[in-house]
Amino acid sequence: MSLTTDTVHRLFELFEAAGLRPPEALQDPAAHRDALVLWVDILEDGTEAELREALSAHLRDPERGRWWP
């Protein structure tokens, strides 16, 4: 998959839409950009379907889904 920072940014928006508050560190624009790049690096080997399933599984988990991954 060719994951981009735009894709990860949309994932961040989905977390927020699901009611998860981003860590305070991500309020800083430079830190937000750094987090996007890090997520792209970490997740670049997965498929879009795998990424979507992982996000869904995280949000469905009653304990883990309460927190920003």
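For the numbers below, each heavy atom of this structure counts, side chains included, while hydrogens, waters and symmetry mates do not.
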Nearest atoms (heavy-atom pairs only) where [X] meets [Y]:
{"X": "A31", "Y": "A25", "value": "CB-O, 3.0 Å"}
{"X": "L26", "Y": "A35", "value": "CD2-CB, 3.3 Å"}
{"X": "L20", "Y": "G65", "value": "CD2-O, 2.9 Å"}

How long is the straight-line distance from [atom2] of [Y] back to [atom1] of [X], given to the nearest 0.5 Å?
{"X": "L36", "Y": "F12", "atom1": "CG", "atom2": "CZ", "answer": "5.0 Å"}
{"X": "T5", "Y": "H32", "atom1": "OG1", "atom2": "NE2", "answer": "9.0 Å"}
{"X": "L51", "Y": "L11", "atom1": "CG", "atom2": "CG", "answer": "5.0 Å"}

Just so I know, are the side chains of [X] and [Y] near enough to count as touching, which here means a heavy-atom distance under 4.5 Å?
{"X": "E16", "Y": "R21", "answer": "no"}
{"X": "L55", "Y": "L14", "answer": "yes"}
{"X": "V40", "Y": "T7", "answer": "no"}

Query - Residue list, salt bridge (Lys or Arg N to Asp or Glu O under 4.0 Å) with R33, at least two apart or on another chain - result: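 Residues passing salt bridge (Lys or Arg N to Asp or Glu O under 4.0 Å) with R33: none at all.
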**Report entry** Residue W68 excluded, over 12 heavy atoms near CH2 under 6.0 Å
**Finding:**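 Yes, enclosed.
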Query raised in the report: Under 6.0 Å from the CD atom of Q27, do we count more than 12 heavy atoms belonging to anything else shown?
Result: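 Above 12, so yes.
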Query - Contacts of type side chain to side chain donor-acceptor pair (under 3.5 Å), residue R66, not counting sequence neighbours - result: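 Residues passing side chain to side chain donor-acceptor pair (under 3.5 Å) with R66: E63.
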Query raised in the report: When L3 is tested against each of D41, D45, L43, I42 for side chain to side chain contact (heavy atoms under 4.5 Å, CB included), which residue passes?
Result: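 One option only clears the test, and that one is L43.
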